[in-house]
Every structure is written in structure tokens, then in C-alpha cells.
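Predicted model only: the values in this text are computed from it and were never measured.
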Amino acid sequence: MNKIAFTISGLVWCVFSSYPIKAGNENKNNLNDGKVVQKQAIKNISVSDSIINRTPITSLPFGSPLLVSYKFPKNWKNFQNDDKRDFLTNPHKAFKKCENYYRKLVDAKAIVKAPTIKSIKYFHIGEDADLLKYEKKFKAKFKYKLPDMGRYQVYFEYERVPMDYIYKLMDTANSFDKLYYEYANLVLYDVQIQRATILNIYHSYSFKEPTSGELRLFYIDTNKSIQIYEGAEGELDSAMEKAYTVEIEDNGKILLKKGKNRKL
């Protein structure tokens, strides 16, 4: 992932801004390189508004269909001031639409009761081990209950990290420490042994001297396959690519497949 010129003020704006979206009409078409794709997927485009207004969620997908249906190039110029290009042909505007979806999703007030958890296990996806210090410090809110996967009950939890805590970390952080601004996990709960397995599927972070704002997004399809995308957003350039796929087997085994140039 290319590191792109970025300012800390720009990152804070990116993470904490509220993004207005027109209810029930986010997109009229599913997209792939500016072309309409299969009608089978089109009906899922406006799923965001139904998701945040009801819990538990009884059907999938969960996540922005634009994330998987739009063919993002490996990296692109942002064209932030180019009003002549719409999101059909401008990757940056399509990228911002995806961000808008997840901002609305995590900012929703939908809350579900957490199950009784006696033990926790972390299933790491790529290089997310630094999140453990946040998990121990903060108690993420259980926002949604999703359809079961294999032997697990499934929950979505989210936490926005207080800025005073981030500033405190900056005082002692080195150049390579990740400073997380927010994160969301998929919680796989085994009822029989009351154990929660934690998978990080959403986050944003920068480094102490940021060159870009890094982020992770997700999409859970109707087959319960968890698609993980990772990207970077800078002042001039941005990037996005599919990083991992997670599959949950009926017996509870979790399978992780990596994209190109990714570490397990």
C-alpha cells in the first residue's frame, strides 16, 4: 500500500465527520467499472437503511455492496475538485460513498444485549495485533446481532476511541506504532462454552507522523463469506484492495484466505 501525503487534521476529519446519506436510495445500480452488473445484486443496494433500523438482523448481506461491485483500481488520484466526474467513473467518489455507508452503519444507535462471555479468543486477520491494547482499555458496544454462522451466534461490536487517549499514546508512540481511531469486530459466540472469538473487520488508524489514513472495510455476503478490504486515503492519492476472505465452517473452524501480497 503506497504511503500518501496526509495531515493529522485531515485524518481526524475523515474518521469523525458525519456523512449525510439519502435514506432508502443510496444507489440505484450495482456497479463494476461504471457498468451495471447482475440484477441479482441490485436489490441489495439500499440495505443500509433497513439494517440500522432493526435488530436483530435476520438476513444478509451486511456491508456496502458498492465495496465489492465497484472495481477499484490499485490506486488513484482523488479528483476532489472534479465535479464533472460522478462516482460511476471517479474511484475517489465511489470510495467516499463506501465510507459514507459505514459511517452511517457505525453511528447508528442500534444496540443489542451482549451475551454472557466467560472467555475470549482473538482470531487475528493480518497485522491487527496492536488493537489488543485498545480492547483491554475499552468495552466496545454490541450494536447488531447477525444471522448465526456455523455453531456461533454472531454479533457486531464497535468502539470509537476518545481523542484524549489517542493524544496520550502519541506522546510515547514511535514512528511505526499504529494509532487507531475506531474499530469494529465480529464476535463469534459459542453458546455451549460461552466463549467469544473476536475478528476485527473494520478499523481506521494512522501512524505518529501520518502519511495516509489507513482503513479496513468489510462485506458479509449471502453465503456468509466475510470479505475484508484494506486501503489508504491521502490528500492527493488513495488506494483500496481486497485483502482477506474469512469462511466459517459448520463445525466452528475459521478459515482465512489472503489476497495478493498479504500476510496471514
Side-chain angles (χ1 to χ4, degrees), residues 1 30 32 37-38 40-45 47-48 51 55-72 74 98 101-102 105-106 112 114-115 117 119-132 135 140 142-158 183-204 214-231 240-264:
M1 189 67 63
N30 214 349
N32 191 328
V37 296
Q38 308 173 33
Q40 182 68 28
I42 293 176
K43 63 183 181 181
N44 295 323
I45 283 296
V47 70
S48 60
I51 281 178
T55 185
I57 297 165
T58 56
S59 63
L60 298 172
F62 185 58
S64 172
L66 188 60
L67 181 66
V68 296
S69 64
Y70 190 93
K71 188 177 180 180
F72 289 98
K74 186 175 181 180
C98 281
Y101 176 101
Y102 293 98
L105 187 72
V106 299
V112 297
I117 298 174
S119 63
I120 295 176
K121 177 182 178 181
Y122 290 93
F123 183 90
H124 290 294
I125 301 174
E127 300 176 355
D128 60 6
D130 289 349
L131 266 174
L132 281 177
E135 289 282 344
F142 277 63
K143 304 206 73 167
Y144 304 102
K145 186 178 186 305
L146 307 180
D148 293 352
M149 294 184 183
R151 63 191 293 176
Y152 303 112
Q153 290 181 0
V154 182
Y155 298 86
F156 179 87
E157 63 173 4
Y158 171 78
Y183 60 91
N185 301 319
L186 206 63
V187 181
L188 307 180
Y189 179 68
D190 190 323
V191 179
Q192 294 184 348
I193 59 176
Q194 296 182 312
R195 183 175 71 183
T197 301
I198 308 297
L199 289 71
N200 176 255
I201 61 172
Y202 175 92
H203 65 231
S204 63
E214 313 285 331
L215 74 161
R216 173 180 287 180
L217 303 176
F218 67 90
Y219 181 78
I220 306 175
D221 65 25
T222 54
N223 295 319
K224 302 181 181 181
S225 177
I226 305 163
Q227 314 296 318
I228 304 293
Y229 286 71
E230 293 184 343
M240 173 66 70
E241 64 181 357
K242 185 175 179 179
Y244 306 97
T245 300
V246 183
E247 306 283 352
I248 312 296
E249 295 189 337
D250 291 340
N251 62 5
K253 186 176 181 179
I254 304 173
L255 303 177
L256 178 64
K257 300 177 183 179
K258 65 176 181 176
K260 296 180 180 179
N261 303 317
R262 294 291 171 151
K263 297 179 181 180
L264 289 177

Looking at Y219, Y202, Y144, which hits ring pair (Phe, Tyr, Trp, His ring centres under 6.0 Å) with F62? Y144
Do [X] and [Y] come close enough that some side-chain heavy atom pair is under 4.5 Å?
X	Y	value
S119	I193	no
I228	I201	yes
P61	I220	no
L188	V154	yes
L146	K224	no

Do the side chain of [X] and the main chain of [Y] share a donor and acceptor less than 3.5 angstrom apart?
X	Y	answer
N185	V187	no
K74	E241	no
Y101	G63	yes
N251	K253	yes
Y102	S64	yes
Y189	I117	no

Measuring from [X]:[atom1] to [Y]:[atom2], what's the distance to the nearest 0.5 Å?
X	Y	atom1	atom2	result
L199	I125	CG	CD1	4.5 Å
Y152	Q192	OH	CD	11.0 Å
K121	I254	NZ	CD1	6.5 Å
L186	M149	CG	CE	5.5 Å
E230	H203	CD	NE2	5.5 Å
I248	N223	CD1	CG	13.5 Å

Would M240 and L217 count as a side chain to side chain contact (heavy atoms under 4.5 Å, CB included) if you check the C-alpha gap in whole Å, the side-chain angles of each, and the deciding distance to 0.1 Å? CA-CA 10 Å; M240 173 66 70; L217 303 176; 3.9 Å; yes
Evaluate Y155 against Q153 for side-chain hydrogen bond (donor to acceptor under 3.5 Å, both in side chains), listing each step before the verdict. CA-CA 7 Å; Y155 298 86; Q153 290 181 0; 2.9 Å; yes
How are the rings of F218 and F156 set to each other: parallel, tilted or perpendicular (split at 30° and 60°)? tilted
Looking at Y244, I'd like to know if the NZ or CZ of K258 sits under 6.0 Å from its six-membered ring centre while staying within 45 degrees of the ring's axis. no
Is the distance between the ring centroids of Y229 and F72 under 6.0 Å? no
Could you walk me through whether K242 and Q227 pass the side-chain hydrogen bond (donor to acceptor under 3.5 Å, both in side chains) test, one step at a time? CA-CA 7 Å; K242 185 175 179 179; Q227 314 296 318; 2.5 Å; yes
With sequence neighbours excluded, what pairs up with R151 under the salt bridge (charged side-chain N to carboxylate O under 4.0 Å, His left out) test? D190
Here's a test for you: under side-chain contact (heavy atoms from CB on, under 4.5 Å), which of L256, D128, N200 qualifies with F123? L256
Results of side chain to side chain donor-acceptor pair (under 3.5 Å) for T197 - residues two or more places apart only: none
Heavy-atom closest contact (I120 atom, R195 atom, distance): N-CG, 4.4 Å
